[in-house]
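The model shown is predicted, which means the values in this text are computed figures rather than measured ones. So you know, we letter chains A, B, ... as the sequences are listed, proteins then strands, and number each from 1.
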Number of protein chains: 2
Amino acid sequence: MVTATERRERQRAERHQLIITAARELAETEGWEAVTTRKLADKVEYSQPVLYGHFANMEAIRDAVAVEGIGEMAEQMREARLAAPESEGIRAICTSYLAFAAAHPAAYQAMFSLPTKVKWASAETPAPLRAAFNEIVSAFGPYNERNAALAELIWGSLHGMAVLLRSGRIPQEQQEQRLDLLVALFADAPA
Amino acid sequence: MVTATERRERQRAERHQLIITAARELAETEGWEAVTTRKLADKVEYSQPVLYGHFANMEAIRDAVAVEGIGEMAEQMREARLAAPESEGIRAICTSYLAFAAAHPAAYQAMFSLPTKVKWASAETPAPLRAAFNEIVSAFGPYNERNAALAELIWGSLHGMAVLLRSGRIPQEQQEQRLDLLVALFADAPA
DNA sequence: CGCTAACTCTAGCATTGCTAGATTCAGTTT
DNA sequence: AAACTGAATCTAGCAATGCTAGAGTTAGCG
């Protein structure tokens with residue numbers, strides 16, 4: 001009988017996702033320092049050891065939230081880019097990026113600020129990470145060395161803005177002009 | 001007798017610095033997760049409670065390392081900028097920034113990646129932080145709204161590059177062209 | 001010499017991540 | 001239907017963490 005095993009695996013996958021979702025919710029509402037194995041186990045209504053049946057350790061759970069978040073962000077950037085006129089592609093990507101960072105600060109933190117074991121450069125780089133990066137490259141045109149470099153740079157700038165915005169350094173009111181400047185900078189990039 | 005009190009205060013200040021230095025060394029050699037109150041107390045040859053006579057908690061120690069690091073980086077950027085011809089100011093700042101990040105990864109992590117209570121925007125912003133920011137602004141010219149915005153953007157880009165370099169995403173060989181692109185982008189910024 | 005106050009340490013608490021071993025439960029076989 | 005087997009889950013607990021109360025020591029003063 002295969003269906004019994006199948007059902008078990010499906011339930012296992014569901015619980016896997018349940019843990020990730022619970023961790024993310026907990027982080028968004030109470031901050032990452034509140035995401036402990038006990039609280040998380042309590043929230044998913046299992047005991048602590050169950051968590052370790054799905055993830056090697058707490059860091060792996062945070063990394064899973066990070067990968068999920070990056071996938072979501074990639075998707076949102078893609079939708080924003082496709083919905084905008086071609087000439088506004090870069091701006092659409094930027095706005096979408098910053099919107100995600102503002103709307104999901106804990107996920108964003110897991111993605112780009114907290115210590116992580118997620119590899120960005122190697123063969124086992126998760127697909128969502130590649131998708132996110134390629135999405136930014138797409139705003140500049142076809143994939144080539146120059147556009148990849150531009151993508152990395154604007155990514156860095158966006159990350160910097162996101163952090164500074166969150167810490168309150170940049171007043172929200174000047175944000176639009178700041179974004180204008182960023183977009184102008186990269187749109188007029190010398191060949 | 002005032003000298004007794006003075007001496008005590010001097011010794012206290014010395015020990016304060018000793019703690020910061022020890023924490024930084026420990027972090028650079030073994031990583032921040034190895035900087036525990038016990039190891040740190042052991043290294044400075046005092047008991048744990050002494051640490052709390054100087055800092056509210058472990059995070060405050062890390063923040064002190066961060067502020068010290070930012071001060072150092074500001075100084076190095078300043079020297080690099082003054083040593084370079086005027087037209088190469090931006091490049092000098094960038095090179096200096098990335099060199100510091102590469103040379104002191106743990107300090108850099110405390111400065112810009114790890115959770116912190118250091119305020120960048122308020123009245124009690126430490127002087128070294130202001131100095132660092134103003135130094136970047138100086139590369140663009142006198143302090144005004146536009147140059148401050150440019151400084152924030154290039155700062156973000158540099159941070160992004162530093163993180164990507166460290167994680168191995170960017171091959172070191174292409175780094176020079178990448179820097180050329182960044183400098184060109186910001187040097188030719190539209191008014 | 002003795003008193004006081006500042007300083008420092010020992011010892012321990014609560015909480016953390018993580019795990020071994022007991023226990024329960026579901027599916028299969030007799 | 002009952003017993004067996006192996007997987008799944010929990011209880012209980014360990015070592016390490018940040019932090020602190022209270023004891024003990026030391027240094028400066030009369």
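- When distances are taken from the side chain of A:Thr37 to each of C:dG17, C:dT8, D:dC10, the shortest belongs to C:dG17.
- Distance, A:Ile19 CD1 to C:dG17 C1': 15 Å, rounded to whole Å.
- Whole-Å rounding puts the A:Arg38 CZ to C:dG17 P distance at 7 Å.
- Judged by distance alone with a 3.5 Å cut-off, no donor-acceptor contact links the side chain of B:Gln48 to the base of C:dC9.
- Nearest to the side-chain atoms of A:Tyr46 among the listed nucleotides D:dC10, C:dG17, D:dG18 stands D:dC10.
- Between the CD atom of B:Glu33 and the P atom of D:dA16 there is a distance of 16 Å, rounded to whole Å.
- Among the nucleotides D:dC19, D:dT11, C:dG17, the one closest to any side-chain atom of A:Ser47 is D:dT11.
- The CD atom of B:Glu59 sits 15 Å away from the C1' atom of D:dT17 (whole-angstrom rounding).
- The cluster map of Ile, Leu, Val, Met, Phe, Trp and Tyr, joined by side-chain heavy atoms under 4.5 Å apart, puts B:Met111 and A:Leu114 in different clusters.
- In this structure, A:Leu51 atom CG and C:dC18 atom P are separated by 10 Å, rounded to whole Å.
- Under the 30°/60° scheme for interplanar angles, the aromatic rings of A:Phe140 and A:Phe186 are found to be tilted.
- In the set D:dA21, C:dG12, D:dT11, D:dA21 carries the atom at the smallest distance from any side-chain atom of B:Pro49.
- Rounded to an integer number of Å, the gap from CD of B:Gln11 to C1' of C:dT8 is 14 Å.
- Between A:Ala34 and A:Ala56, the residue anchored closer to the 5' end of DNA chain C is A:Ala34, taking for each the nucleotide with the nearest heavy atom.
- Per the geometry, CG belonging to A:Leu40 stands 18 Å off P belonging to C:dT15, to the nearest Å.
- Note on B:Val35 and B:Phe112: separate hydrophobic clusters, where clusters join Ile, Leu, Val, Met, Phe, Trp and Tyr whose side-chain heavy atoms are under 4.5 Å apart, directly or indirectly.
- Counting to the nearest Å, the C1' atom of D:dG22 and the OH atom of B:Tyr52 are 17 Å from each other.
- For the pair A:Arg78 and A:Glu135, the salt-bridge criterion is met [side-chain N within less than 4.0 Å of a carboxylate O].
- B:Arg15 comes within 4.0 angstrom of sugar-phosphate atoms only, judged by non-hydrogen atoms across all strands, and of no base.
- Using bins of under 30°, 30° to 60° and over 60° for the plane-to-plane angle, the ring pair B:His159/A:His159 lands in the parallel bin.
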